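All remarks here apply to the structure that follows.
Remember, predicted model here, so these are calculated numbers, not experimental data.
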Amino acid sequence: MLARLPIHLYRIGLGPLFGGRFLLVIPTGRSSGLTRRVVVEVVERDPETRTWTVAVGLGSATEWYELLHQTPQATVQYGRRYYPVTAEFLSPEEARHLMARYRGAHPRRGRRLCAWPASEVGGGREEQRPADSRTPFVRLRAAKGC
């Protein structure tokens, strides 16, 4: 229940309490058509290109990440505003550069992000590696005109 509290805060219009550090991602299942909601930490935000980049800290088997792979179009709530977005998946090279910038700007949060365990990939458990080489990143790009 406590883990879902941020979702409820967004739903009642209290998203600004998170100060721009988090956003609510609302992907839709391709076959079920059901929406899911997850609050994620923004690793990098670029108002000029209207993008938010988030880390998938629990690995690529995370449900919302899989949903974005199936259907890259989603909605995000940032503060009190909703934006239609398209998900772009960063390459491992882009992820390394992004994580280096993030660690430089936020050393404590960067260490915490690197502490998440590795996820199962390809049916077998891979060894634990630093987040900059293992953690998937998603860039959420707002539609033009938003």
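- Arg141 meets the salt bridge (Lys or Arg N to Asp or Glu O under 4.0 Å) test with Glu88; sequence neighbours excluded.
- Residues passing the ring-ring contact (aromatic ring centres under 6.0 Å, His included) test with His69, sequence neighbours excluded: Tyr65, Phe89.
- Here the shortest heavy-atom pairing between Ala74 and Pro27 reads CB-CA, 4.0 Å.
- A side-chain contact (heavy atoms from CB on, under 4.5 Å) with Val25 is found for exactly one of Val76, Val39, Val138, namely Val76.
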Exercise answer: donor-acceptor pairs, residues 51-58 side-chain atoms, under 3.5 Å, sequence neighbours excluded:
residue: Thr51; atom: OG1; partner: Thr49; partner atom: OG1; Å: 3.1
residue: Thr53; atom: OG1; partner: Arg139; partner atom: NE; Å: 3.2

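- Leu67 is not connected to Tyr82 by any chain of hydrophobic side-chain contacts under 4.5 Å among Ile, Leu, Val, Met, Phe, Trp and Tyr, and they are in different clusters.
- Under the 6.0 Å cut-off for aromatic ring centres, Phe18 and Tyr10 qualify, their centroids lying closer than that.
- A donor-acceptor pair under 3.5 Å is formed between the side chain of Ser32 and the backbone N or O of Leu34.
- Applying the side chain to side chain donor-acceptor pair (under 3.5 Å) rule to Gln70 yields no partners; only residues at least two apart in sequence or on another chain are considered.
- Between the CG atom in Leu23 and the OH atom in Tyr83 there is a gap of 10.5 Å [rounded to 0.5 Å].
- Applying the salt bridge (charged side-chain N to carboxylate O under 4.0 Å, His left out) test to residues at least two apart or on different chains, none of the pairs has a partner in residues 70-80.
- When the side chain to side chain donor-acceptor pair (under 3.5 Å) test is applied to Glu93, the partners found at least two apart in sequence or on another chain are Arg96, His97.
- Shown here are the salt bridge (Lys or Arg N to Asp or Glu O under 4.0 Å) partners of Glu44, two or more places apart in sequence or in another chain: Arg101.
- Evaluation of the salt bridge (charged side-chain N to carboxylate O under 4.0 Å, His left out) test over residues 55-75, restricted to residues two or more places apart or in two chains, returns Arg36-Glu63.
- With sequence neighbours left out, the side chain to side chain donor-acceptor pair (under 3.5 Å) criterion links Arg11 to no other residue.
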